[in-house]
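A short write-up of the structure that comes next.
Not measured: the values here are computed from a predicted model. Residue numbers run from 1 in the order of the sequence given.
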Amino acid sequence: MAQQGFFNAFNDVWLLDGVRTPMVDYCGAIGHVSPTDLGIKAAREALARAGVPGSDIGSVITGNMAPGDFDQFFLPRHIGLYAGVPQQVPALMAQRICGTGFELFRQAGEQIEAGACDAALVVGTESMTRNPIAAFDHRTGFKLGAPVGFKDYMWEALKDPAAGINMIQTAENLAKQYGISREEVDQFASDSFAKAVAAQESGFHAGEIVPIVSEKFELEGYKPRGIKLQGKLTEVSADTHARISPVEVLAKLRPVYEGGVQTGGNSAALVDAAAACVVASGAYAKANGKQPLARVVAAAVVGVPPEIMGIGPAPAIRLLLERTGLTLADIGRFEINEAQGAQTLAVGRELGLDLARLNVNGGAIALGHPLATTGVRLTLTLARELQRSGLRYGISSACVGGGQGIALLIENPQ
């Protein structure tokens, strides 16, 4: 039986260039910065690195999950306007939880292939720190003796009420199903940290990062926005979570659930960050003398049982391969979001994946998983890695809370 799901094949869609901010620990140096301003920063730099004027952008497609301030409704529009995109160009917010960043590329591809635009600006931005403490049931007032309903938005959002389960528990389910031990998960996490540190020390990560500084974002006729770093800090230029983490250190951490395999050390880190890319048609790239970073070949989205949502990348990747006629052996590099260590290992086992080709510059356990940013970051990292290693095809992918998987196939044009 053919794999079920949603599939797009793109004939002439290209990733010209992109950039991301540093990924900074929760409640860290950029925890006070609006996700809108993080997105503007990344968008401006992506346009500059691609050598594309804002006036050439025909669509702005953004992603952001949790509101980081009261003007989140305007986030797509403000990112486009303050990045220099013309007023008449529309802006959109897309949402597919952890798969949001990949969804931005999928929608950009659809718009470009349909002739709606020649070039699109895709921006994923997330402040995990600024997830609100929220209440949804006090609009009519506080009833005498009734409990006050303010809760941690981020913590509550990790629970899937349909399945009565949170995201860590879905990984524990996969650990049991695939016979994955705590020792294996800790080893995988330790390796992720080591690869991330090596990529930092070699300068690889620095090549895709724009440092954050205090600056104003001016827009003629409108109120300026901007970023102001706190205290004596003048620049934030590197990811902050990556550190050498030996297995014996990780082994001392208490599991989230007694007898389980997942801990705070072998699950995705909480960080704040934004990432942006310019996606365009081949005709635009050729007419403007651009050397694209990658070709966006295809996208696939599937549904899986909510209680094992983390397995989602496996069927999404299978659908990509089935419809494009490729095999696992054809794919030189994989970037699969490390939501939890057991979850990523389960995907690897389900596919029979060679882990030597997976997340070779470190994954979300070491670097972090800023929800809507992740898919843009992974795809940009993958495109750069394919060029560095001289490989042709790569797949970036993630599981999605609620029970989905999403994957992108890209090709190195060199």
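At distances below 3.5 Å, at least one donor-acceptor pair connects side-chain atoms of S397 with backbone N or O atoms of I406. With hydrogens and angles ignored, the 3.5 Å screen pairs a side-chain donor or acceptor of T100 with a backbone N or O of I97. Remark: side-chain polar atoms of S59 are not paired, donor with acceptor, to backbone N or O of C117 under 3.5 angstrom. For the pair T263 (side chain) and R254 (backbone), a donor-acceptor distance under 3.5 Å is absent. In terms of modelled atom types and a separation under 3.5 Å, the side chain of T125 and the main chain of P35 share a donor-acceptor contact. Within the 3.5 Å criterion, the main-chain N or O of R243 finds a donor-acceptor partner in the side chain of S245. Without hydrogens or angle criteria, N288 side chain to K290 main chain gives no donor-acceptor distance under 3.5 Å. Judged by distance alone, with hydrogens and angles left aside, the side-chain atoms of Q262 form a donor-acceptor pair with the main-chain N or O of A342 at under 3.5 Å. Counting only distance, with no hydrogens or angles, the side chain of H205 and the backbone of N361 share a donor-acceptor pair below 3.5 Å. The backbone N or O of A274 lies less than 3.5 Å from a partner atom in the side chain of T21, making a donor-acceptor pair.
Considering only heavy atoms from C-beta on, I180 comes within 4.5 Å of V185 through its side chain. Looking only at side-chain heavy atoms (C-beta outward), T234 and L229 stay at 4.5 Å or farther from each other. The shortest distance between side-chain heavy atoms of F6 and L319 does not fall below 4.5 Å. With a 4.5 Å cut-off on side-chain heavy atoms, V302 and R318 do not count as touching. Side-chain atoms of I112 and W14, non-hydrogen and from C-beta on, never get closer than 4.5 Å to each other. Between I209 and D239 there is a side-chain heavy-atom pair separated by less than 4.5 Å. In this structure, L16 and V279 have side chains that are not in contact, with every pair of non-hydrogen atoms separated by 4.5 Å or more. Residues Q343 and I308 form no side-chain contact, since every pair of their non-hydrogen atoms from C-beta on lies 4.5 Å or further apart.
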Show the numbers, then the answer: is there a side chain to side chain contact (heavy atoms under 4.5 Å, CB included) between L15 and I410?
CA-CA 9 Å; L15 194 175; I410 65 171; 5.6 Å; no
Evaluate the side chain to side chain contact (heavy atoms under 4.5 Å, CB included) criterion for residues L386 and Y393: first the C-alpha distance (whole Å), next the side-chain angles of each, then the deciding distance (0.1 Å), finally the verdict.
CA-CA 7 Å; L386 289 177; Y393 289 114; 5.9 Å; no
One pair to check against salt bridge (charged side-chain N to carboxylate O under 4.0 Å, His left out): R349 and E184. What are the steps and the verdict?
CA-CA 12 Å; R349 289 194 182 177; E184 289 173 301; 2.4 Å; yes
Check the pair V13, F105 against side chain to side chain contact (heavy atoms under 4.5 Å, CB included), reporting the backbone distance first and the verdict last.
CA-CA 10 Å; V13 176; F105 285 103; over 6 Å; no
Go through it in stages, so that I can follow the logic: the residues are N266 and F188, the test is side chain to side chain contact (heavy atoms under 4.5 Å, CB included), and I'd like the CA-CA distance, side-chain angles, deciding distance and then a yes or no.
CA-CA 8 Å; N266 60 31; F188 181 77; over 6 Å; no
Decide salt bridge (charged side-chain N to carboxylate O under 4.0 Å, His left out) for E172 and K176; before the verdict, give the C-alpha distance in whole Å, the side-chain angles of both, and the deciding distance to 0.1 Å.
CA-CA 6 Å; E172 296 290 358; K176 291 173 185 173; over 6 Å; no
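A pairwise comparison of heavy atoms in Y284 and P53 identifies OH-CD, 4.3 Å as the closest pair. Of all non-hydrogen atoms in D56 and A119, the two that sit nearest each other are O-CB, 3.8 Å. Between V271 and L367, the shortest heavy-atom distance links the atoms CG1-O, 3.5 Å. Summarising the geometry of E218 relative to P224, their closest heavy-atom pair is OE1-CB, 3.6 Å, with the distance given to 0.1 Å. Of all the heavy atoms in P413 and L293, the pair that sits closest is CD-O, 3.4 Å. Minimum heavy-atom separation, C277 to V376: SG-CG1, 3.9 Å.
E208 pairs with exactly one of R49, R388, R20 by the salt bridge (Lys or Arg N to Asp or Glu O under 4.0 Å) rule, that one being R20. Only one option out of R130, R225, K228 pairs with D37 in a salt bridge (Lys or Arg N to Asp or Glu O under 4.0 Å); it is R225.
Defined by atom type and a distance below 3.5 Å, a donor-acceptor pair is missing between the side-chain atoms of N131 and Y26. Side-chain N/O atoms of N173 and Q169 include no donor and acceptor closer than 3.5 Å. There is a side-chain donor-acceptor pair under 3.5 Å between E338 and S192. Defined by atom type and a distance below 3.5 Å, a donor-acceptor pair is missing between the side-chain atoms of N337 and T374.
Distance OG1/T62 to CD/Q95: 11.5 Å, rounded to 0.5 Å. For the atom pair CG (L38) and CD1 (I30), the distance works out to 5.0 Å, reported to the nearest 0.5 Å. Rounding to the nearest 0.5 angstrom, the gap separating the CD1 atom in I57 from the CG atom in D118 is 10.0 Å. Once rounded to the nearest 0.5 Å, the distance linking CZ of R44 with CG of L121 reads 12.0 Å. The distance from the CD1 atom of I365 to the CG atom of N359 is 8.5 Å, given to the nearest 0.5 Å. Rounding to the nearest 0.5 angstrom, the gap separating the CZ atom in R77 from the CG atom in L75 is 13.0 Å.
Within 6.0 Å of atom CD in Q177, more than 12 heavy atoms from other residues, nucleotides or ligands are found, so the atom counts as buried in its surroundings. Atom CD of E248 is surrounded by more than 12 heavy atoms from other residues, nucleotides or ligands within 6.0 Å. Heavy-atom contacts from other residues, nucleotides or ligands closer than 6.0 Å to NZ of K143 number more than 12. More than 12 heavy atoms of other shown residues, nucleotides or ligands fall within 6.0 angstrom of atom CD in Q88.
A cation-pi arrangement is present between R384 and F204 under the rule of less than 6.0 angstrom and at most 45 degrees off the ring axis.
For E110 and R106, the salt-bridge test passes: some basic side-chain N is under 4.0 Å from an acidic carboxylate O.
Ring planes of F74 and H78: parallel class, angle under 30° (limits at 30 and 60°).
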